[in-house]
Amino acid sequence: MTLFDETTHRPLADALRPETLEEVIGQDHLLGENGPIARMLLPGGTVGSFILWGPPGVGKTTIARLVAMSAKMEFVQLSAVMSGIADLRKVFETAKSNRTIGRQTILFIDELHRFNRSTQDALLPHVENGTVILIGATTENPSFSLVAALLSRLKVFTLNPFDAASSELLLARVENFVGKRLPLSEDARAALINMADGDGRYLVGLADDVLALGETDDLDIGRLSKALQKRMPIYDKAQDGHYNLLSCFHKSLRGSDVDAALYWGARMVEAGEDPTTLFRRLACAASEDVGMADPNAMPQVIAAWTAFERIGWPEGRLFIAQAIVYVATAPKSNASYRSFDAALDMARQTGSIPPPKSILNAPTKLMKDLGYHEGYKYDHDYPDAFSGQDFFPEELRSKDTRFYQPQERGFERETLKRLEFWQRLKRERKPAK
């Protein structure tokens, strides 16, 4: 120990780092009785390669280190941000030497998703033949961030963010370590937990900041908010957080749950999402999920979007709210887009069937001689501006080409009546052959 070791403040999060797996808080589904990681370490169990997937500050590195300690294995830690294939080669050579004397090596790679495809591929043979046991840590969905070949060789364990109960246990551990309670009112204590947003390491850091204030009286929420900077919710606009909340938002709109749609939209805006993203999703929902059940949904969204672009924030929240409420409460029908999907399927199956010559223009004499435009009926020359002629190629006229199937909901009821009207007229006015 040096003079600097004695005088330098040790972060509380480091001082409280668990020394056994039993001390880890909040991950009982993995480490508790019958948990998959706990079973690996039982007599007769086998420690295999696995991924720890979860948000920051929930114990991924600690669990990896303690697994190696419990299994009495060598532990090597790398960061995918700072390391490459050359670093991996050194680890593999050392691991091979360890195996010759009966020592197994656990290779822990933090932020594993940061390795590119070729670097991930370099891990494959050494994981496959057992040179190393790989424990990877990632904050991103492994299904999207890891190559399939590597993912197939690993188990994936999902870690939970700290809930209120786990956070209280962690704060109690802090208080036990420092020998005094945190100077916080009940509401301020709850606010401190909320600020951490499920990140245990960050929560301990906040508690350390509170202790450093040296307060003797309990802080209320107002004084706490002045002393500490609020943590923004975990939300990566380019990765899982973005797509997960966007999915929640769209499904709430589709499910006509206006309050949930408002909540998820607010969550995204509060986390820093560009409101244009919400308007894009609203426009999609207005067509995909509302459709012709309320054709005013799309103009409402576009008008709100335009108003937002012209007026901006903070008044722009008025237009976001109106668009969300309109789309969420509108009657729903996906008949329009399903009809086009059906038409696309038919188009793929039928290829390049020639269209009827009667509905082709004939701008040249040659085209007229070939029968282009011959027999075409100008619909406005007929009652109800409807001739009843068939516009499908001859080969498809005997097939079921009813792509659009309106629902008995909202305005689509009127659309259904119109469709039935044209179909009745068509039966009555079969064009002469």
Side-chain angles (χ1 to χ4, degrees), residues 253-254 279-307 309 323 326-327 329-433:
L253 293 170
R254 179 182 296 148
F279 280 116
R280 282 199 295 266
R281 186 55 50 179
L282 282 161
C284 290
S287 182
E288 175 185 355
D289 300 303
V290 178
M292 287 298 291
D294 187 349
N296 280 322
M298 182 64 77
Q300 282 281 336
V301 170
I302 299 303
W305 196 344
T306 301
E309 290 178 338
Y326 196 101
V327 173
T329 58
K332 304 297 190 295
S333 172
N334 64 355
S336 294
Y337 99 84
R338 287 177 63 88
S339 66
F340 193 60
D341 282 350
L344 286 170
D345 286 340
M346 179 70 78
R348 293 186 190 104
Q349 295 170 19
T350 55
S352 302
I353 297 176
K357 290 183 179 180
S358 62
I359 60 173
L360 298 178
N361 290 332
T364 68
K365 182 178 183 302
L366 174 62
M367 295 171 78
K368 289 179 181 178
D369 292 342
L370 292 174
Y372 283 44
H373 204 64
E374 183 178 342
Y376 172 67
K377 293 178 171 52
Y378 185 59
D379 286 274
H380 292 284
D381 291 340
Y382 293 81
D384 301 305
F386 183 75
S387 66
Q389 62 194 316
D390 202 324
F391 296 95
F392 274 99
E394 185 71 36
E395 293 89 336
L396 298 184
R397 293 178 185 177
S398 62
K399 295 181 180 292
D400 181 13
T401 51
R402 286 286 305 277
F403 302 133
Y404 180 49
Q405 305 286 342
Q407 304 293 328
E408 284 277 2
R409 289 191 291 273
F411 182 79
E412 209 157 43
R413 292 193 191 96
E414 296 302 315
T415 307
L416 182 60
K417 291 177 184 178
R418 295 177 183 181
L419 189 59
E420 290 173 345
F421 174 73
W422 299 124
Q423 289 170 345
R424 178 174 56 80
L425 287 185
K426 191 169 187 175
R427 290 191 298 269
E428 293 173 357
R429 303 176 187 177
K430 289 183 179 180
K433 295 185 180 179

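What's counted below: heavy atoms across the whole structure, side chains too, no hydrogens, waters or symmetry copies.
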Legend entry - Heavy atoms of other groups near Y376 OH, more than 12 under 6.0 Å: yes

Legend entry - Enclosure of Y337 OH (heavy-atom neighbours >12, cutoff 6.0 Å): yes

Legend entry - Residues E420, K417: salt bridge by 4.0 Å N-O rule: no

Enter the distance from [X]:[atom1] to [Y]:[atom2] here, rounded to the nearest 0.5 Å.
{"X": "D345", "Y": "F340", "atom1": "CG", "atom2": "CZ", "value": "11.0 Å"}
{"X": "E374", "Y": "D369", "atom1": "CD", "atom2": "CG", "value": "10.5 Å"}
{"X": "Q349", "Y": "L344", "atom1": "CD", "atom2": "CG", "value": "11.0 Å"}
{"X": "R413", "Y": "S333", "atom1": "CZ", "atom2": "OG", "value": "11.0 Å"}
{"X": "D390", "Y": "K426", "atom1": "CG", "atom2": "NZ", "value": "4.0 Å"}
{"X": "M346", "Y": "D341", "atom1": "CE", "atom2": "CG", "value": "13.5 Å"}

Would you mind reporting whether [Y] and [X] have side-chain heavy atoms less than 4.5 Å apart?
{"X": "D294", "Y": "Y326", "answer": "yes"}
{"X": "E288", "Y": "R254", "answer": "yes"}
{"X": "M292", "Y": "Y404", "answer": "yes"}
{"X": "L425", "Y": "D384", "answer": "yes"}

Heavy-atom pair with the smallest gap, counting every atom of [X] and [Y]:
{"X": "V301", "Y": "A283", "answer": "CG1-N, 3.7 Å"}
{"X": "A323", "Y": "A304", "answer": "CB-CB, 3.9 Å"}
{"X": "E408", "Y": "L416", "answer": "OE2-CD2, 3.3 Å"}
{"X": "V290", "Y": "P331", "answer": "CG1-O, 3.4 Å"}
{"X": "P406", "Y": "A335", "answer": "CA-CB, 4.2 Å"}

Legend entry - Heavy-atom donor-acceptor pair, K332 side chain to A330 backbone, under 3.5 Å: yes

